> 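Structure provided below as structure tokens; questions to follow.
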There are 2 protein chains.
Amino acid sequence: MTTIHEVAEAAGVSISTVSYALSGKRPVSEKTRVRIEDAVRVLGYEPDAGARMLAGRRTHIFALTEPLRADTHAPTHMAFVLATAVAARQRGYDILLLTDEQASEGMNRVAASNLVDAILVLDVAPDDARAAIARTVRTPTVFIGIPDDQEGLTCVDLDFEAAGHLAVDRLADAGHTRITLLGQTEVSYRKSNFPRRLLHGVQDRAVERGVGLDWVTTGTSATDTAAVRAAAEAAIARGDRAFIVHAVDDVHAALLAVLDERGLLVGEDVSVISAAASFDTTTLPVPVDTIPLVPQQSCELAVDLAVRRLEEADVRPGIHLIPPEYRSVGSVAPRG
Amino acid sequence: MTTIHEVAEAAGVSISTVSYALSGKRPVSEKTRVRIEDAVRVLGYEPDAGARMLAGRRTHIFALTEPLRADTHAPTHMAFVLATAVAARQRGYDILLLTDEQASEGMNRVAASNLVDAILVLDVAPDDARAAIARTVRTPTVFIGIPDDQEGLTCVDLDFEAAGHLAVDRLADAGHTRITLLGQTEVSYRKSNFPRRLLHGVQDRAVERGVGLDWVTTGTSATDTAAVRAAAEAAIARGDRAFIVHAVDDVHAALLAVLDERGLLVGEDVSVISAAASFDTTTLPVPVDTIPLVPQQSCELAVDLAVRRLEEADVRPGIHLIPPEYRSVGSVAPRG
DNA sequence: TTGAAAGCGTTACCAT
DNA sequence: ATGGTAACGCTTTCAA
């Protein structure tokens, strides 16, 4: 194993100079820095993680807690984990997974043992037990998602309410007077926070704009295509010609299939907006206007906040909402 | 922060006694041990991770590398990640995620910095670049899956060939003379190793038993239900009445739907065996005999091997195949 | 711009 | 059965 001593010797300097040359925390002359960097490369030196943690006060590791409930949508979840890991690596941090059923125990453990510099919380529930823990541990914690009691927490998320407003506005502007919201699974409106935030955004703005609203959940399983089709057909029979879809890809596909069968042209006879989808909507059989939920955005912001909490002292807790963006591809039909 | 010194003082012993009481590496009298444990509990002591890494030679962290290719099936992948994390925690290890596109860089980094005690490799490709790295780093590495060149590696996996044999034998024993293998996506037969191992097992045994075999892939997308249905209907038209399904849940559902529409009763008119499925087949609309791929089995074995490599010195590299198990629920129909 | 040396909190060896 | 203490390899203060 190569140590800092060997690097120092090879470069003909002291170990403190090596340390400073690598951390950049003190100016080092050009020529010595180059000599040190060469030695590092030649010897294949990598600082010992344990020594670094002990001597410095940084572990360069973030914990990522994920409860992994049964109703978790795996592809979406993976996208968030991946985005977090990538963002963290870019800032020089590794991700330690905390998947315990009692993620609480893990949070306390990694905080007490100084194993991580910060904790990132995924898959946040309305009454999330991790909120209380975040308040007691002194390890900076950032939530990707928003629990009901946000007191003293740092949270990051898409502004789902604004996304709801945006979707309704577009449809109302186009002249629609009735809208169907094809929503998430029933359970997710209880176990998660974001579905109802979008729902409220849609409901409130629908009232403001004076448009009728039908809200339909996907039943127990998001992949239960039959239920989705039935809901879509009922909406069509009802005369609804405007859809906001807040659901997984299968639900989008099912709706578009029903519309196609009924001979209804999207962007012509009916309007469809995909709200807060984290998958690639451009691969849908028909182009659909989208207000995307971009995991990279949330996760990069979360990592950035965590890093800032470590480097600056004056970072206040608070909710950071990401403004929604409307991507139009012509799936909203103007109605006379 | 509570240190071992404070615990020692509170318990009225030396720090070495505290250390030994907690590690169990030296006998400690009943009464002192209890006093120490009390002090630990009262003070909320947790050993400092950095100090532990530096002084001991163990970090109590395993790295888990996962390339996360585009064709990765998210739910299956998550099941393996979760199973690994749980198994590791049970043995006192945390999981550090390595999701870099170049997982290679990550492996070298964590190995060189002594950040982890062992590396677990997920989602193994036939020509996996991580195999070469595993041979060069001195950090013990265990593959969950099997690359083409296994020289000097430690690998764990279900015995897919044996699973193929088992499935064919059951159908041949029941009197079937033609079998359709409803397989994975086309790309997975190139990018992964296990689909072709099952395929070979099925092919070889089919030849031995003198039964005809039709092999059908799922096309590009496993969720392309239409293609699956077409394949199933072609097989039925062909006269095939025996199916081995090696695919995700949607494919199972599609096949069963087609059989139902044709009025063919599973276990009566047709035989269906699900091979190497990692999801819960008992929730399928019709009971299906299953040769399950249990992530917990593979992952626990992998963690166990990693731990053994750390604790014992005499663990040899090699392939560890888990024998398949046949779970019969009567979906194989005897044919006169 | 550079060096020397004092910790950091454990583990594990050497005593007793 | 227990205690004292030397590492472990780095960061950072203090000096020059």
Side-chain angles (χ1 to χ4, degrees), chain A residues 1-37 39-40 43-61 92 109-117 310-311, chain B residues 1-37 39-40 43-61 92 109-117 310-311:
Chain A
M1 219 199 62
T2 314
T3 71
I4 199 173
H5 284 97
E6 309 178 46
V7 175
E9 187 167 22
V13 296
S14 71
I15 64 163
S16 53
T17 301
V18 174
S19 178
Y20 284 120
L22 295 180
S23 71
K25 293 189 178 177
R26 194 167 83 171
V28 172
S29 78
E30 178 69 13
K31 50 180 71 171
T32 40
R33 213 202 58 231
V34 171
R35 280 220 312 285
I36 290 171
E37 279 166 0
V40 165
L43 296 172
Y45 170 71
E46 190 82 29
D48 180 86
R52 220 145 78 114
M53 291 187 196
L54 182 56
R57 28 178 21 203
R58 289 280 231 300
T59 70
H60 300 273
I61 300 176
R109 189 169 50 79
V110 298
S113 64
N114 299 311
L115 218 195
V116 305
D117 293 332
L310 295 172
E311 296 181 344
Chain B
M1 218 200 62
T2 313
T3 72
I4 198 173
H5 286 97
E6 310 179 44
V7 175
E9 187 166 22
V13 296
S14 72
I15 63 163
S16 52
T17 301
V18 174
S19 179
Y20 284 119
L22 294 180
S23 72
K25 293 187 180 179
R26 195 166 81 173
V28 171
S29 77
E30 178 70 13
K31 49 178 72 170
T32 39
R33 215 202 55 233
V34 171
R35 280 220 312 286
I36 290 171
E37 280 164 1
V40 165
L43 297 172
Y45 169 71
E46 191 81 30
D48 180 85
R52 218 145 80 114
M53 290 187 198
L54 182 56
R57 28 177 22 198
R58 288 281 232 298
T59 70
H60 300 273
I61 300 176
R109 189 170 49 79
V110 298
S113 64
N114 299 311
L115 218 195
V116 304
D117 293 332
L310 296 171
E311 297 182 343

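Note on naming: letters A, B, ... go to the chains in the order of the sequence lines (proteins, then strands), and numbering restarts at 1 for each one. From a predicted model like this one, the values you see are computed outputs, not experimental measurements.
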> Heavy-atom count check: over 12 atoms from other residues, nucleotides or ligands less than 6.0 Å from A:Glu9 CD?
no

> Strictly under 4.0 angstrom, non-hydrogen atoms only: write out the protein contact profile of nucleotides 9-16 of chain C, one letter per nucleotide from the 5' end, B, S or -.
BBBBBB--

> For atom CZ of A:Arg26, is the number of surrounding heavy atoms from other residues, nucleotides or ligands below 6.0 Å larger than 12?
yes

> In whole Å, I'd like the distance from the CD atom of B:Glu9 to the P atom of D:dG3.
13 Å

> Going by atom types alone, do A:Thr17 and A:Ser14 pair a side-chain donor with an acceptor below 3.5 Å?
yes

> Quickly work out the B:Leu115 CG to D:dC10 C1' distance and round it to whole Å.
14 Å

> Would you call A:Arg58 and A:Leu310 a side-chain contact if the rule is heavy atoms closer than 4.5 Å?
yes

> Are side-chain heavy atoms of B:Val13 and B:Val18 found at a separation under 4.5 Å?
yes

